[in-house]
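Taking it in order: structure first as structure tokens, then the write-up.
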2 protein chains.
Amino acid sequence: MTIKDIQELLEAKGVKPSITRLKILDYLQRHRSHPSVDEIYRNLVQEIPTLSKTTVYNSLELFVENHLAQVLHVGDNENRYDADVSSHGHFKCLSCGKIYDFGIDFENIKVEGLEGFRVYDKSVYCQGICPHCKVNEKEVTNGKYGKRRNAYRQN
Amino acid sequence: MTIKDIQELLEAKGVKPSITRLKILDYLQRHRSHPSVDEIYRNLVQEIPTLSKTTVYNSLELFVENHLAQVLHVGDNENRYDADVSSHGHFKCLSCGKIYDFGIDFENIKVEGLEGFRVYDKSVYCQGICPHCKVNEKEVTNGKYGKRRNAYRQN
DNA sequence: GTTCCTGCAAAAGCTTTGCAGAAGA
DNA sequence: TCTTCTGCAAAGCTTTTGCAGGAAC
């Protein structure tokens with residue numbers, strides 16, 4: 001996708017294509033690793049020295065509102081952004097932390113108890129171990145588990 | 001579920017049933033509104049004046065590790081907890097903010113691209129408008145939308 | 001006595017807000 | 001000029017960490 005395409009995409013969604021927004025959306029399009037605000041900022045500030053995080057926040061919020069991106073809540077207390085707004089699921093590897101996309105047939109998910117609800121969007125999120133980490137497997141190195149509190153051992 | 005049941009549940013999962021943990025798990029069992037740490041704290045501190053938020057965090061973490069509760073990331077930059085660890089989906093109403101449970105047939109969700117992955121858990125999350133808010137409908141009052149930035153209007 | 005639990009205070013980290021200057025039409 | 005965009009600094013919140021006193025066994 002060229003810069004010209006990004007510009008047209010922004011305009012098509014009613015978002016003014018400032019250079020900052022162009023660059024942020026371009027970054028999102030090129031880096032499908034579901035970057036955080038901080039990652040986007042750290043990379044783009046090298047090219048746009050006056051960039052501020054506030055602007056990154058503002059732009060991403062605008063993108064989400066206008067369906068140019070979606071926000072993921074993957075439980076690191078940090079939002080992740082994805083320029084792919086089509087329906088797909090996300091998988092987080094508990095070992096390496098990487099987030100993978102996967103295809104999913106949303107239409108055929110059978111749901112019970114949402115009668116009368118207006119559903120705007122559905123998302124599916126999985127956790128586990130990715131094939132790469134399975135190979136090098138020793139143990140889950142994620143510091144989030146077994147950190148401070150120990151389970152009670154009955155005797 | 002009586003306190004005695006809660007105690008046995010904790011012991012069965014290898015978690016020492018201290019009075020604090022009992023009360024926190026009891027609260028979670030009784031309030032299926034997916035409370036936040038702060039909500040749990042504010043309610044229980046009235047009964048246990050010396051309670052600290054740290055302890056609430058610690059206990060909930062212990063519960064999650066030992067499958068006594070699950071943590072939800074519903075995008076308020078705040079963790080929510082659910083004592084129902086069975087497979088079910090969550091729906092957030094964008095108008096009132098309430099989170100609803102719904103049934104879902106996880107086994108039959110067709111997924112493509114997770115071959116070779118070890119999947120520990122799947123979750124489904126939807127957003128929209130609940131029946132109650134649909135009735136009183138005017139507009140989505142959620143302050144998160146249209147807050148600070150305006151979309152570009154082409155002329 | 002040893003281990004585990006609890007909690008205060010402080011730190012850390014992400015996100016939002018206020019306000020003002022800059023840019024664009 | 002008027003509106004919109006940008007960004008610094010500060011504030012707001014949730015969560016984590018260090019450390020120590022206390023409870024349990």
Side-chain angles (χ1 to χ4, degrees), chain A residues 7 10-11 14-25 35-42 44-45 47-66 71-81 142-155, chain B residues 7 10-11 14-25 35-42 44-45 47-66 71-81 142-155:
Chain A
Q7 179 182 338
L10 283 164
E11 284 171 345
V15 177
K16 196 170 179 176
S18 72
I19 177 66
T20 319
R21 291 171 182 168
L22 273 172
K23 287 293 181 183
I24 295 173
L25 187 52
S36 63
V37 168
D38 191 60
E39 178 185 331
I40 297 168
Y41 171 75
R42 279 186 288 105
L44 288 182
V45 78
E47 189 180 352
I48 312 170
T50 61
L51 184 66
S52 81
K53 269 195 192 177
T54 303
T55 299
V56 179
Y57 277 106
N58 291 338
S59 302
L60 290 170
E61 183 185 339
L62 205 49
F63 296 167
V64 172
E65 284 169 22
N66 292 283
V71 56
L72 313 182
H73 310 289
V74 293
D76 299 310
N77 299 314
E78 173 178 63
N79 293 349
R80 304 292 213 97
Y81 293 85
N142 191 319
K144 294 218 167 185
Y145 300 93
K147 205 169 22 178
R148 179 171 173 172
R149 302 298 158 209
N150 301 314
Y152 171 49
R153 302 285 163 234
Q154 284 183 295
N155 17 334
Chain B
Q7 179 182 339
L10 282 166
E11 283 170 345
V15 177
K16 197 169 179 176
S18 73
I19 177 66
T20 318
R21 292 172 182 168
L22 272 173
K23 287 294 181 183
I24 294 173
L25 187 52
S36 64
V37 167
D38 192 60
E39 179 185 329
I40 297 169
Y41 172 75
R42 277 186 289 103
L44 288 182
V45 78
E47 189 179 350
I48 312 170
T50 61
L51 184 67
S52 81
K53 270 196 190 175
T54 303
T55 298
V56 179
Y57 277 105
N58 291 336
S59 302
L60 290 170
E61 184 185 339
L62 204 50
F63 296 168
V64 172
E65 285 169 20
N66 292 282
V71 56
L72 313 182
H73 310 289
V74 293
D76 298 310
N77 299 316
E78 173 179 63
N79 293 349
R80 305 293 214 96
Y81 293 86
N142 190 318
K144 294 219 167 184
Y145 300 94
K147 202 170 23 178
R148 178 172 173 169
R149 303 298 159 208
N150 300 314
Y152 171 50
R153 302 285 162 232
Q154 284 184 295
N155 18 339

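Below, chain A is the first sequence line, B the second, and so on; all start at residue 1.
To the nearest angstrom, C1' of D/dT14 lies 13 Å from CZ of B/R80. Summarising the geometry, the separation between CG on A/L60 and P on C/dT16 is reported as 11 Å, rounded to the nearest angstrom. One atom, CG of A/L10, and another, P of D/dC5, lie 11 Å apart when rounded to the nearest Å. Per the geometry, CD belonging to B/E61 stands 14 Å off C1' belonging to C/dT6, to the nearest Å. Atom CG in B/D38 sits roughly 9 Å away from atom P in D/dT15 (whole-Å rounding). Rounded to whole Å, the distance from CG on A/N77 to P on C/dT16 is 13 Å. Taking atom NZ of B/K53 as the reference point, atom P of C/dA11 lies 18 Å away to the nearest angstrom. We find that NZ of A/K16 is positioned 12 Å from C1' of D/dT6, with the value rounded to whole Å.
Under 3.5 Å, the side chain of A/T55 and the base of D/dC5 form no donor-acceptor pair of N or O atoms. Applying the 3.5 Å distance criterion, the base of D/dC8 shares a donor-acceptor pair with the side chain of A/T54.
Listed nucleotides: C/dT6, C/dA25, D/dG7. Nearest to the side chain of B/N58: C/dT6. Of the candidate nucleotides D/dT4, D/dG7, C/dT15, D/dG7 has the atom nearest to the side chain of A/S52. The nucleotide whose nearest atom lies closest to any side-chain atom of A/T50 is, among D/dT4, D/dC25, D/dG7, D/dG7. For A/R21, counting side-chain heavy atoms from C-beta on, the closest listed nucleotide (C/dT15, D/dT6, D/dT15) is D/dT6.
Here the shortest heavy-atom pairing between B/R21 and B/S59 reads CG-OG, 3.8 Å.
Residues A/I40 and A/L60 form a side-chain contact, since some pair of their non-hydrogen atoms from C-beta on lies under 4.5 Å apart. Using a 4.5 Å heavy-atom cutoff, the side chains of A/Y81 and A/V37 are in contact. In this structure the side chain of A/Q7 reaches within 4.5 angstrom of the side chain of A/L22, judged on heavy atoms.
Between D/dA24 and B/S18, no contact under 4.0 Å exists linking OP1 or OP2 to a side-chain N or O. Using a 4.0 Å cut-off, some side-chain N or O of B/T20 falls inside it from OP1 or OP2 of C/dT6.
The line from CG of B/N58 to CD of B/E61 is 6.5 Å long, rounded to the nearest 0.5 Å.
Backbone-only contact: B/N79 has heavy atoms under 4.0 Å from sugar-phosphate atoms and none from a base. No contact: A/S36 has no heavy atom under 4.0 Å from any strand.
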